[in-house]
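Before any comments, here is the structure.
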Amino acid sequence: MAATSPDLRADAGAAPANGGFLGWFLAPERRGALLVTPALAVLFIMNIFPLLWSFGLSFFNFRANRQGVPDFVGLRFYERVLTDDDVWQRFQTTAVIVGSSVVLQLIIGFLLALMFAKEFPLRRILLMLVLTPMMLSFVSVGVFFKFYYEPTFGLVSWVVNHFTDERFVMLATPAGAIAGIVVADAWMWSPFVMLLVLAGLVSVPRYLYEAAEIDRASWWRRFSTITFPYIKSLLLLAVLFRTIETFKLFDVVYIITSGGPGTSTETIAVYVYRMAFQFFRTSQASALAYIVLFVVIVLTSLYLYAVRRRAEEVS
Amino acid sequence: MENLGRRLVPGASLALVLAALGGATAAHAADITITMAAPDWPPTRFMKEEFDRSYKSPDGNDTKLDMDFIPWPSFYERVAASLTSGEQKYQMIVTDSQWLGSFVEGGYYLDLTEKMKADPELTAIMRDLHPTLISAYSTYPHKTTQQVKDAGEWPAPNVHYYGFPQFPDTYVTYYRKDLFCNEKEQKNFQDKYGEKLPCTYDDWENVDWVMWKKIGEFFRRKKGDPLGDDTAKDDFYGIAYQAGKGYDFSTMQINAFIWQRGGSIWDETKEPEGQAEGVVNSDVAVAALEDYLSMVPLMPPVAKTGQMDIFVEQDLYMQGKVAAMVDWVGLGEPVLDPKTSTVSDVSAFGPAPGTKKDDGTIDRTGNIGGQPFVLTTWNSDEVVKEALNVVKWWLKPDTQMKFAANGGQSGLMSVMADPKYDTLRPWNRAHKEMLEWQRDVWHIPEFFELLTQQQEEFDKAITGQIGAKEALDSVAKFQQETLEDAGRIE
């Protein structure tokens, strides 16, 4: 390799001297940009352009199912969205689902991590099984749980019926439907929290626990003074990451309840979708989507701040 | 040589003429691929199979029908996304009739009025179509069946036509004859209600919603209870009809209740004078919705979650958990297939229940289902001509009879009048009877907004969060505001 590299460089360097366009084009000083260009082009076409386009649309009165030139309306749709009771109700629903789901994920994930931090028979196999839900697609999880909750032949109703002799209609009430979504989301993502917490737990030096044992420290004392300080930044990461993701929750809600009963489980992501593709209020949906994006950016900034702090702690 | 020459010259001339003709045909023949968006279910699958088997272009084209089969639950979103994105993927689309306004106004569906008028075959087809189907599947701005009839012979002046029936659908009653015709059940029902449990088609002609409710109460059994000559292997339910939040899975049935009692939905043919408030939430409409809701507790418990869509009730029926259901004819084939249905050999069909009037007759007015197919505006003249050839082939009596024999329905009155037609599939008689009662919901571009909000309010009522009056008041208010904004109500 050492013998061929200089030759290659020499060839490449000689090309521009020949004056050919290809040689000029493939010159070493341009290769970096050339290699990055396809990725940037895809990013621009698939992400940045639609993002800018939809941002522009949010200032016009445009509906995708109508012909005609859109009127410029300035911030009217932002004002309409922010003063719309329905939007705030969807934000509240989203907050309830995010809060409940993330807390449940933290509890389950933390308990699972405590369990898997110790060695026991079949630990590796069990760990793989526990991680399976987060590897499934949202659609699969949605369909699984829709069938679990089905009152006529679903597993949950069947078990309850065994004890009460009555069918259990979980999704018939707003509270039951929200609980159903929270359980499905927590089932899927608790393993992710477990992984993060487990990473923290295994990084705690053993000698600290040994010293605590010599001092006869209580379980709580050991947890609060040794374990928690080591995992707290990872826990914060888990909270932020799961909050951001759950805030955008769409698939599972859409499949399990379609936002029902009524609109009681309609998250903000489902509402944006319906506004855009069912009501065809394209501009208004764009404005709402940017408000949601703003919230996500704020949460992401917090997430990045937590990552930086964790990196500083580790270093 | 001279003789040979005399023989060869005309022969060669004939060969030249034939070659020239052949060349002329070859010059017009083209390879055409028609991509059609279609819901993935038996009526469209059959169309594709039959096309591949029997379609020959009258213009000598090598035509391929490339059907993009889309699952029902995402059908509207996929079609809407394709049309509004501007990708111009489809040359033909199987569309729900209610989308006509949205996609005509969007500039996507082709106005076929002049082409229909100019082509004697298409004119003959339009004159042979059932007026309800012309009204629902073809006219935009919408004309009612009565307006189509009043206009006399097709075409009516100043009316625009867009679609042809791909599959006209109505809902009918599916029932278990092993239970309804069972002697013990018959006797028990007679003892309890003093009336005959419907068994034959003629019996079902007399079933109204009051009787339907009794059937719902009567066949409600717990696991282990006697059922027919056996015992119920699981909890069992008497009745089912659509009560789902998705798409139009409660509106279609609720509209029937409202219309049958003399109520009304907002009438697009009366714009801009026709109001929503006071009409949509009239006392008659509220009473009709209350009646609809009163039967939900008698249905399988999934109805209480607002998820009893047309597929869920079909599944429950096929699993043998329901004695009778009201559902679309288009979902009939799987019910008769022993591979998918546990009740394939004991199912029979009758007209859907209706509302008994003071004179003893039963009003079965319902909301038409099924779909027309339309052409898109970006097709070249050559593709439009070939697509219309496909329409003519599909609506030929031969093709339509084959379609009807394989679970489809025809919209041609000449085909339906054939005595053989009723015997082709067990639901054909009921479908023909129900077709006379059909109306359609709105066709305006605001259709989906109106439908979605209405479905939400109906869902709240179905799941017991609000009452019928509150639901319809909310629907009426929303419709009034939306339609005023759109300039459809003054």
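A, B, ... follow the sequence lines: proteins, then strands. Residue 1 opens every chain.
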* For A/Arg274 and B/Glu456, run salt bridge (charged side-chain N to carboxylate O under 4.0 Å, His left out): C-alpha distance rounded to whole Å, both residues' side-chain angles, the deciding distance at 0.1 Å, then the answer. => CA-CA 12 Å; A/Arg274 293 183 57 199; B/Glu456 277 172 11; 2.4 Å; yes
* Asked: Which atoms of A/Phe153 come close to chain B, meaning under 4.5 Å heavy atom to heavy atom: side chain ones, backbone ones, both, or neither?
  -> side chain
* For A/Thr152, which of B/Met299, B/Gln319, B/Lys321 qualifies under side-chain contact (heavy atoms from CB on, under 4.5 Å)? -> B/Lys321
* Asked: In terms of heavy-atom contacts, does CZ of A/Phe147 have more than 12 from other residues, nucleotides or ligands at under 6.0 Å?
  -> no
* So what's closer than 4.5 Å to chain A heavy atoms on B/Lys245: side chain, backbone, both or neither? -> side chain
* Where do B/Lys460 and A/Gly262 come nearest, in terms of heavy atoms and distance? -> CG-CA, 3.4 Å
* Between B/Leu316 and chain A, which part of the residue has a heavy atom less than 4.5 Å away: side chain, backbone, both or neither? -> side chain
* Using a cut-off of 6.0 Å, state whether more than 12 heavy atoms not belonging to A/Phe72 lie near its atom CZ. => yes
* Any chance you could measure A/Phe277, atom CZ, to B/Tyr76, atom OH, to the nearest 0.5 Å? => 11.0 Å
* Asked: Considering only heavy atoms, which portion of A/Ile255 lies under 4.5 Å from any heavy atom of chain B: side chain, backbone, both, or neither?
  -> neither
* Check: A/Met170 and B/Thr305 side chains under 4.5 Å, non-hydrogen atoms -> no
* Asked: Do the non-hydrogen side-chain atoms of A/Phe280 and B/Thr84 ever get within less than 4.5 Å of each other?
  -> yes
* Name the region of B/Lys223, side chain, backbone, both or neither, that has any atom closer than 4.5 Å to a heavy atom of chain A. => neither
* Between A/Pro261, A/Ala64, A/Ala177, which has the largest tally of heavy atom pairs under 4.5 Å with chain B? -> A/Pro261
* To do: Would you mind reporting whether A/Arg167 and B/Lys304 have side-chain heavy atoms less than 4.5 Å apart?
  => no
* **Residue part contacting chain A, namely of B/Phe447, when any heavy atom lies under 4.5 Å** => neither
* Asked: More than 12 foreign heavy atoms under 6.0 Å from OH of B/Tyr140: is that the case here?
  -> yes
* Does any N or O in the side chain of A/Gln278 come within less than 3.5 Å of the main-chain N or O of B/Thr452, such that one atom is a donor and the other an acceptor? -> no
* Asked: Which atoms form the tightest heavy-atom contact between B/Pro301 and A/Pro151, and what is the distance?
  -> C-CG, 3.6 Å
* Structure fact -> Per-residue tally against chain B (heavy atom, under 4.5 Å) across A/Thr173, A/Leu171, A/Thr282, A/Thr257 peaks at A/Leu171
* CD on A/Glu166 to CG on B/Asp235, rounded to 0.5 Å -> 8.5 Å
* Asked: Are the side chains of B/Gln307 and A/Glu150 in touch, meaning some heavy atoms are under 4.5 Å apart?
  -> no
* To do: Select one option (side chain, backbone, both, neither) describing which atoms of B/Phe458 are under 4.5 Å from chain A's heavy atoms.
  => neither
* To do: Fit a plane to each ring of B/Phe478 and A/Phe279, take the angle between them on a 0 to 90° scale, and name the class: parallel (under 30°), tilted (30 to 60°) or perpendicular (over 60°).
  => tilted
* Asked: Got a sec: does the CH2 of A/Trp53 have more than 12 other heavy atoms crowding it under 6.0 Å?
  -> no
* Atom CE of A/Met46: over 12 foreign heavy atoms under 6.0 Å -> no
* Asked: Less than 4.0 Å between a side-chain N and a carboxylate O, is that true for A/Arg63 and B/Glu105?
  -> no
